[in-house]
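Worksheet: the structure to be examined is printed underneath.
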Amino acid sequence: MSTIDQQFIEYIVKSLVGHPDDVIVERVIDEKGVLLSLTVNPEDLGRVIGKRGVTAQSLRTLLRALGTKNDARYNLKIVNNDEERENYSHSSDNTESEPVKNSPEEVVENESSLAKNTRKELAELDDLDI
């Protein structure tokens, strides 16, 4: 049996996602208040979070408004069940074994050689009588 807060989040999220049947909202009461854990299809995770987390923040704001009405404190946890993204973030942490291929010093060196070549070409043009 789901409560009004679960139904509230479920209704909003199901209207946003492409796989509404995969939306699961679990409710746990702890010392900090009511924790709602939201699980969606991995393909819909981006839609629920939104650009820079704007959609997730909006969901939390609406939950806070509901909490004000019900004299409760709600927390929303969006469960990351996207294994590819987890692997991606894990592999990006493993940068210690790979050396840096393009260091800033090389760029400066390339820029200085470009500047040298440009100056040389300009000097040659100055020598021409046009």
I'd like to know if V25 and I49 are part of one continuous hydrophobic network [Ile/Leu/Val/Met/Phe/Trp/Tyr, side-chain heavy atoms within less than 4.5 Å]. yes
Throw together a table of side-chain donor-acceptor distances under 3.5 angstrom for residues 8-22, partners on residues two or more places apart or in other chains.
from : atom 1 : to  : atom 2 : distance (Å)
S15  : OG     : Y11 : O      : 3.4
S15  : OG     : I12 : O      : 2.5
H19  : ND1    : D44 : OD2    : 3.2
D22  : OD2    : N41 : ND2    : 2.7

Provide the closest heavy-atom pair for Y74 versus L36 in the form atom of the first, atom of the second, distance. CD2-CD1, 4.5 Å
Looking at side-chain heavy atoms only, is the closest gap between L59 and V48 below 4.5 Å? yes
Answer yes if L38 and L66 sit in the same cluster of Ile, Leu, Val, Met, Phe, Trp and Tyr residues linked by side chain heavy atoms under 4.5 Å apart, and no otherwise. yes
Just grab all the salt bridge (Lys or Arg N to Asp or Glu O under 4.0 Å) pairs involving residues 48-70, residues at least two apart or on different chains. none
Do you know the tightest heavy-atom contact between G50 and T55? CA-OG1, 3.5 Å
Report yes if some heavy atom in the side chain of N75 is under 4.5 Å from a heavy atom in the side chain of R73; otherwise report no. yes
Let me check something: any side-chain donor-acceptor pairs from residues 26-33 under 3.5 Å, sequence neighbours excluded? List them with distances.
from : atom 1 : to  : atom 2 : distance (Å)
R27  : NE     : T3  : OG1    : 3.2
R27  : NE     : D5  : OD1    : 3.2
R27  : NE     : D5  : OD2    : 3.0
R27  : NH2    : D5  : OD2    : 3.2
D30  : OD1    : K32 : N      : 3.2
D30  : OD1    : G33 : N      : 3.2

As an exercise, state the distance from CD1 of I78 to OG1 of T39, rounded to the nearest 0.5 Å. 10.0 Å
